[in-house]
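Proteins come first, then strands; the chains are lettered A, B, ... in the order of their sequence lines, and each starts at number 1.
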Amino acid sequence: MVIPDYKKYLAVERLPHIWCAGCGNGVILKALLLVLAELNFRPGEILLATGIGCISRAGDYVSFQRFQGTHGRTLAFVTGLKVARPELKVICLIGDGDCAAIGMGHLIHAARRNLDVAVLVANNLNYGMTGGQFSPLTPNKSLTSTSRAGKNEASLDICRLAEVAGANYVARTSVFYHGELRKYIREAISKTGFSLVEILTSCPTYYGRYNKIGGPGEMLTWFRDKTVPLKKYLQMDKQEQKDFFWRGKLVGRDAPNSYTYGKKNEEPDG
Amino acid sequence: MAGEKNKVQFLSGNEACVWAAIHARARFFAGYPISPATEIAEMCAHELPRYGGFYIQMEDEIGSIAAVIGASLGGLRAFTATSGPGLALMQENIGFAAMAEVPCVIINVQRFGPSTGIATKPAQSDVMTTRWGTPGDHSLIVLTPSGGQECYDLTFAAFNLAELFRTPVIVLTDAVIAHLREKVTVKSDEELFLFNEDKQFLRITGLVHDSFGYSSDVPEVAGELIARLAQKIEGYQTLLPGSRFYGPESPEVLIISFGISARAARQAVFLAEQEDLAVSLLELQTLWPFPEEEIRKIGVKAKTVLVAELNRGQVQREVMACGISPEKVRGINKIDTTVITPREILNEILTVIKNN
């Protein structure tokens with residue numbers, strides 16, 4: 001297999017990156033850049049929109065257009081940007097806190113509008129940038145710096161939420177399955193309308209350490225062992241499901257954009 | 001038709017703001033319904049598509065200003081309109097626009113606060129919120145119209161200034177001006193600057209960044225950036241709309257006011273003139289950066305300075321810091337949802353003159 005030339009999308013001079021050893025974010029970034037290279041985008045045609053948190057620093061390591069807004073608001077910024085420049089291919093790369101906590105409202109409404117963006121959610125199961133607090137996507141009972149006795153709240157399936165909100169494409173995988181990751185990113189970017197890929201990514205520094213999963217290698221195999229294909233997951237009983245993440249493609253449809261901004265009512269007479 | 005150029009129209013302040021925006025080539029509005037600014041959103045929804053523009057109703061004010069910033073980066077002149085509670089929600093992203101140097105216009109129709117307050121009653125108590133509502137050391141531009149014509153002129157100017165300075169510009173009106181119908185002469189678009197309409201290669205972040213748009217934590221980069229963002233506005237105050245002056249150059253009493261209170265002050269100065277009293281009015285059109293120089297020049301010549309405003313003295317304290325003796329500065333303030341009347345100002349003038 002020929003590896004496409006993804007390095008032209010990488011701001012090599014900005015390396016080394018700030019991510020910890022064993023962090024999965026580099027895997028996600030490389031998967032994305034490989035897909036961009038495969039699809040042969042020119043730098044002016046694409047824009048990487050990020051939020052705040054570990055994964056949001058990805059914008060500092062790309063050579064093409066980048067936008068980094070405020071925490072949680074990435075999709076709201078992009079809503080305006082896409083109206084002004086509908087031809088621009090916008091890829092949002094945001095974390096679990098960004099998309100499922102502070103920015104949940106914007107995520108639902110962007111999906112409801114079926115906004116033409118690809119949203120890649122890097123779910124490292126906690127707030128890494130601030131030192132490992134639990135997020136809405138942290139599994140119940142997990143140990144974090146703000147849940148020393150185990151997270152005493154339910155978690156949330158962001159993929160199912162995107163599905164009912166109106167997304168055209170929804171899938172979930174982890175950084176362990178690199179081929180699947182690239183495939184889902186490629187499908188999400190190629191899709192017209194709102195697409196979301198949740199990517200379970202390793203945070204050995206905080207989530208892995210607090211929950212005694214082990215180092216970078218053990219975290220990857222943990223994702224292998226903790227994820228099951230969607231079909232198999234659906235056959236499990238409710239109690240058993242609690243111990244696993246499903247992975248696979250949840251939604252693939254071609255609903256049109258639900259908005260018609262700027263359709264002219266009539267010509268102005270002035 | 002309404003909004004036709006170079007004609008006298010009969011418009012409310014809110015309507016005048018929308019026509020000014022349309023004539024200034026604004027083609028994107030994102031907002032969220034809130035009294036007393038809602039008519040601006042309603043009119044934009046109706047009118048903007050007729051000019052090839054876009055109206056988006058966002059899920060909240062945080063999203064509204066974010067969409068405005070996104071559209072502006074995409075090359076559309078973009079604006080939003082809100083009132084106190086909505087402005088509070090927009091503050092983080094207003095700071096983002098200042099930091100990332102994104103032109104945008106925010107029309108803030110002041111209502112009685114804090115919190116929900118009284119949604120339909122006027123106040124002028126967002127003076128400091130517009131200036132310092134977003135955290136961090138920054139500068140931005142706030143213009144404050146006192147009637148329909150000024151709503152038109154200053155909103156038009158706001159779009160030009162936003163692009164010239166690449167910064168958010170807030171147009172600070174109030175619930176009375178917003179709904180007051182007056183004669184308004186609309187302009188031709190010859191006075192329009194256009195910088196922003198090209199498709200730019202975007203490298204944007206709210207982090208401290210170098211000139212290539214990459215984040216940096218180098219002290220020199222941070223220091224130079226923050227200094228430049230302030231200096232690019234504060235060093236060019238002469239390019240901003242100047243204050244209006246009515247009356248004698250060396251008055252016994254100088255009134256300083258803005259917005260709806262300045263309208264009452266104009267009438268009060270007229271009434272004082274008829275009684276042969278040396279009273280002048282300085283009506284502020286640019287509120288931030290504060291026009292210290294203009295105020296100092298006139299203020300030092302006045303025996304007493306009265307600052308009329310619908311708050312507990314937010315502008316008065318700035319006036320006292322302008323280099324005129326603070327002890328001769330006094331406030332005429334109302335905080336009960338009613339406006340200051342010309343007679344109330346005149347009575348204060350007469351009391352001051354009697355005691356001098």
Side-chain angles (χ1 to χ4, degrees), chain A residues 11 13-14 18 43-44 46-52 56-57 59-88 90 102-110 112-113 115 259-270, chain B residues 1-7 19 22-23 27-28 30 46-56 58-60 62-78 80 92-93 95-96 99-100 102 104 186 197 199-207 209 212-216:
Chain A
E13 73 281 7
R14 308 303 300 189
I18 65 159
I46 41 176
L47 178 134
L48 184 67
T50 62
I52 300 296
S56 71
R57 292 301 185 100
D60 267 342
Y61 311 124
V62 299
S63 60
F64 53 95
Q65 300 187 92
R66 69 83 68 101
F67 172 84
Q68 182 182 18
T70 46
H71 194 27
R73 317 300 169 199
T74 310
L75 282 160
F77 285 108
V78 164
T79 302
L81 181 61
K82 280 293 286 189
V83 168
R85 292 185 62 179
E87 79 290 353
L88 197 64
V90 176
I102 191 166
M104 170 69 88
H106 305 303
L107 181 86
I108 294 170
H109 289 287
R112 176 179 63 83
R113 294 183 178 106
L115 189 72
Y259 56 84
T260 52
Y261 305 133
K263 287 273 163 67
K264 287 185 191 182
N265 302 341
E266 54 182 285
E267 285 302 311
D269 12 338
Chain B
M1 70 167 279
E4 197 179 335
K5 285 177 192 168
N6 302 317
K7 262 202 162 170
W19 285 121
I22 288 173
H23 295 161
R27 291 294 178 267
F28 183 90
H46 181 69
E47 296 291 348
L48 279 177
R50 302 176 64 240
Y51 290 82
F54 306 93
Y55 169 85
I56 297 193
M58 289 299 286
E59 45 273 17
D60 54 33
I62 303 173
S64 303
I65 183 72
V68 162
I69 290 167
S72 176
L73 287 170
L76 290 175
R77 285 193 152 196
T80 185
E92 186 191 11
N93 285 340
F96 176 83
M99 184 60 141
V102 186
C104 56
V186 305
E197 291 192 347
K199 292 197 190 321
Q200 302 168 53
F201 189 86
L202 299 171
R203 288 207 61 88
I204 301 291
T205 177
L207 285 164
H209 48 276
F212 301 100
Y214 287 102
S215 71
S216 170

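- If you take OG on B:Ser72 and CZ on A:Phe77, they are separated by 11.5 Å, rounding to the nearest 0.5 Å.
- The two atoms that bring B:Gln200 and A:Gln65 nearest to each other are O-OE1, 3.3 Å, heavy atoms only.
- Here A:Val62 is the residue among A:Ile52, A:Leu75, A:Leu47, A:Val62 with the most heavy-atom pairs under 4.5 Å with chain B.
- The contact between A:Arg66 and chain B is made by backbone and side chain atoms together, counting heavy-atom distances below 4.5 Å.
- Ring pair A:Phe67/B:Phe96 is perpendicular by interplanar angle, where above 60° counts as perpendicular and below 30° as parallel.
- Side-chain contact check for B:Leu207 versus A:Arg57: some heavy-atom pair is nearer than 4.5 Å.
- Residues A:Gln68 and B:Arg203 are not in side-chain contact: their nearest non-hydrogen atoms beyond the backbone lie 4.5 Å or more apart.
- Chain A forms the most heavy-atom pairs under 4.5 Å with one residue out of B:Met99, B:His209, B:Glu92, and that residue is B:Glu92.
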ask   = When you look at B:Asp60 and A:His106, which way does the side chain to side chain contact (heavy atoms under 4.5 Å, CB included) test go after all the steps?
value = CA-CA 9 Å; B:Asp60 54 33; A:His106 305 303; 3.5 Å; yes
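- Residues B:Ala66 and A:Ala76 approach most closely at CB-CB, 3.6 Å, considering heavy atoms.
- Interface remark: of the candidates A:Gly103, A:Gly72, A:Ala84, A:Ala84 forms the most heavy-atom pairs closer than 4.5 Å to chain B.
- Of the listed residues (A:Ser56, A:Gly105, A:Gly44, A:Gly69), the one with the most heavy-atom contacts under 4.5 Å to chain B is A:Gly69.
- Interface remark: B:Phe28 contributes side-chain atoms only to the contact with chain A (heavy atom separation under 4.5 Å).
- Heavy-atom distances place no part of B:Leu48 under 4.5 Å from chain A, backbone and side chain included.
- Remark: B:Leu73 CG to A:Leu88 CG distance equals 11.0 Å, nearest 0.5 Å.
- Side-chain atoms of A:Asp60 do not come within 3.5 Å of backbone N or O of B:Tyr214 as any donor-acceptor pair.
- Looking at A:Leu81 and B:Leu202, their side chains come closer than 4.5 Å, going by heavy atoms from C-beta outward.
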